[in-house]
Amino acid sequence: MIPAEQIATDLLTIGAVTLAPNHPFLWASGMQAPIYTDNRRTIAFPQVRAHIADGLANLIKHRYPTATVISGVATAGIPHAALVADRLSLPMSYVRAKPKDHGKGKQIEGQMTASDRVVLIDDLISTGGSVLAAAKAVRKAGATVLGVVAIFSYKLPDSVVNFQQAGLALTPLTTYSTLITVAQQQTKITAPEMASLRQWRDDPWGWVSV
């Protein structure tokens, strides 16, 4: 198994994650956050993407041994789903955010039937909106969604509620708590910054940068 600390280290090393508790980012949701994550960078680093693919493949083998299809959430989940499907010798599909507005109007591409048992892969989980919409599309197609795996999750309270309401389990390779701990161990953040990062984790909507 690839340790959560290894994935966190990888994300920090390649600059996929930026921690800036004193200069927060504005997310599309309107939330002020001391972190910005761009896991699309991971595909440019062979060793990092191999760690991710190995980690996700091992998660699926242990948690979802009956999976018959690996499905990526467009767009960032697609390359990781391809690598994992190759390692597991399983068919792959991917799910768009919405059906195409031309051609056959497909939302799901690749291999999937109503009898399939699907594991969805995404790169990043904030509220879970995109992957849960993909799960809804898979279920509408008649297939079973076994669960969701991801590279990284902020573990926001909103996402916990959303996954519970959808009746789906989420298993990330690493989480926000692990990442900030690794960053502190590597002296990338100060003690006051760590305190601020923990405050955001505990109350993301009420957090105020200091």
Side-chain angles (χ1 to χ4, degrees), residues 1 4 7 27-31 37 39-40 42-43 49 52-176 204:
M1 300 292 285
I7 301 299
W27 286 4
S29 63
M31 179 186 292
T37 304
N39 283 340
R40 288 174 174 82
T42 60
I43 61 176
R49 71 174 186 244
I52 290 168
D54 289 342
L56 292 173
N58 284 330
L59 276 181
I60 293 168
K61 281 193 293 186
H62 286 87
R63 290 184 63 88
Y64 306 111
T66 63
T68 60
V69 172
I70 304 302
S71 191
V73 178
T75 56
I78 293 174
H80 302 290
L83 292 168
V84 171
D86 185 65
R87 279 163 167 74
L88 298 178
S89 298
L90 286 174
M92 178 202 158
S93 69
Y94 69 86
V95 187
R96 294 188 178 88
K98 59 183 180 179
K100 291 172 64 176
D101 58 6
H102 59 279
K104 294 185 177 181
K106 288 185 177 181
Q107 186 170 3
I108 301 172
E109 299 286 359
Q111 173 69 28
M112 189 180 296
T113 67
S115 63
D116 275 315
R117 298 179 298 279
V118 180
V119 176
L120 284 162
I121 293 179
D122 208 351
D123 72 321
L124 172 67
I125 305 296
S126 52
T127 63
S130 58
V131 72
L132 292 176
K136 185 175 181 180
V138 171
R139 286 169 166 170
K140 185 177 180 180
T144 299
V145 181
L146 296 178
V148 175
V149 296
I151 299 171
F152 178 72
S153 173
Y154 292 112
K155 282 291 188 78
L156 296 176
D158 289 358
S159 70
V160 174
V161 171
N162 290 341
F163 275 90
Q164 287 175 344
Q165 290 179 343
L168 282 175
L170 165 66
T171 310
L173 288 179
T174 195
T175 65
Y176 177 80

- Task: Measure across A81 and S71 and return the closest heavy-atom pair with its distance rounded to 0.1 Å.
- Result: CB-C, 4.0 Å

- Are the side chain of D86 and the backbone N or O of A82 linked by a donor-acceptor pair below 3.5 Å? no

- If every non-hydrogen atom of F163 is compared with every non-hydrogen atom of G128, which pair is closest and at what distance? CE1-CA, 3.9 Å

- Query: Taking the side chain as C-beta and beyond, is there a heavy-atom pair between L124 and Y154 under 4.5 Å?
  - Reply: yes

- Item | Atom pair NZ/OG1 of K155 and T174 - distance to nearest 0.5 Å | 10.0 Å

- Task: Hey, could you give me the CG/CZ distance between L173 and F152, rounded to the nearest 0.5 Å?
- Result: 11.5 Å

- Task: Determine yes or no for a side-chain-to-main-chain donor-acceptor pair under 3.5 angstrom, with N39 supplying the side chain and D123 the backbone.
- Result: yes

- Taking the side chain as C-beta and beyond, is there a heavy-atom pair between D122 and H80 under 4.5 Å? no

- Closest heavy-atom contact between T42 and R49? O-CB, 3.6 Å

- Can you check whether L132 reaches Q165 side chain to side chain, under 4.5 Å on heavy atoms? no

- So, does T144 use its side chain to make a donor-acceptor pair with the main chain of L146 at under 3.5 Å? no

- Answer yes or no: is there a side-chain heavy-atom contact under 4.5 Å between V73 and V95? no

- Item | S93 versus V69, closest heavy-atom pair with distance | OG-CG1, 3.8 Å

- Query: R96 side chain to K106 main-chain N or O, any donor-acceptor pair under 3.5 Å?
  - Reply: yes

- Side-chain contact test, heavy atoms from C-beta onward, threshold under 4.5 Å: evaluate it for I78 versus M92 and give yes or no. yes

- Donor-acceptor pair, side chain of T68 and main chain of R117, under 3.5 angstrom: yes

- Query: A169: what forms a side-chain contact (heavy atoms from CB on, under 4.5 Å) with it, not counting sequence neighbours?
  - Reply: R63, Y64

- Query: Going by heavy atoms in the side chains, are V119 and L90 under 4.5 Å from each other?
  - Reply: no

- Distance in Å, I125 CD1 paired with I151 CD1, rounded so as to fall on 0.5 Å steps: 10.0 Å

- Task: Enter the distance from I70:CD1 to L88:CG here, rounded to the nearest 0.5 Å.
- Result: 5.5 Å

- Task: Provide the closest heavy-atom pair for I108 versus V138 in the form atom of the first, atom of the second, distance.
- Result: CD1-CA, 4.0 Å

- Query: Counting only N and O atoms by type, is there a donor-acceptor contact under 3.5 Å from the side chain of D158 to the main-chain atoms of T127?
  - Reply: no

- Donor-acceptor pair, D116 side chain versus T113 backbone, under 3.5 Å? yes

- Distance in Å, I7 CD1 paired with L56 CG, rounded so as to fall on 0.5 Å steps: 7.5 Å

- With rounding to the nearest 0.5 Å, note down the distance linking CG in L120 to CG in L168. 8.0 Å

- Item | Q111 to P91 - nearest heavy-atom pair and separation | CG-CB, 3.4 Å

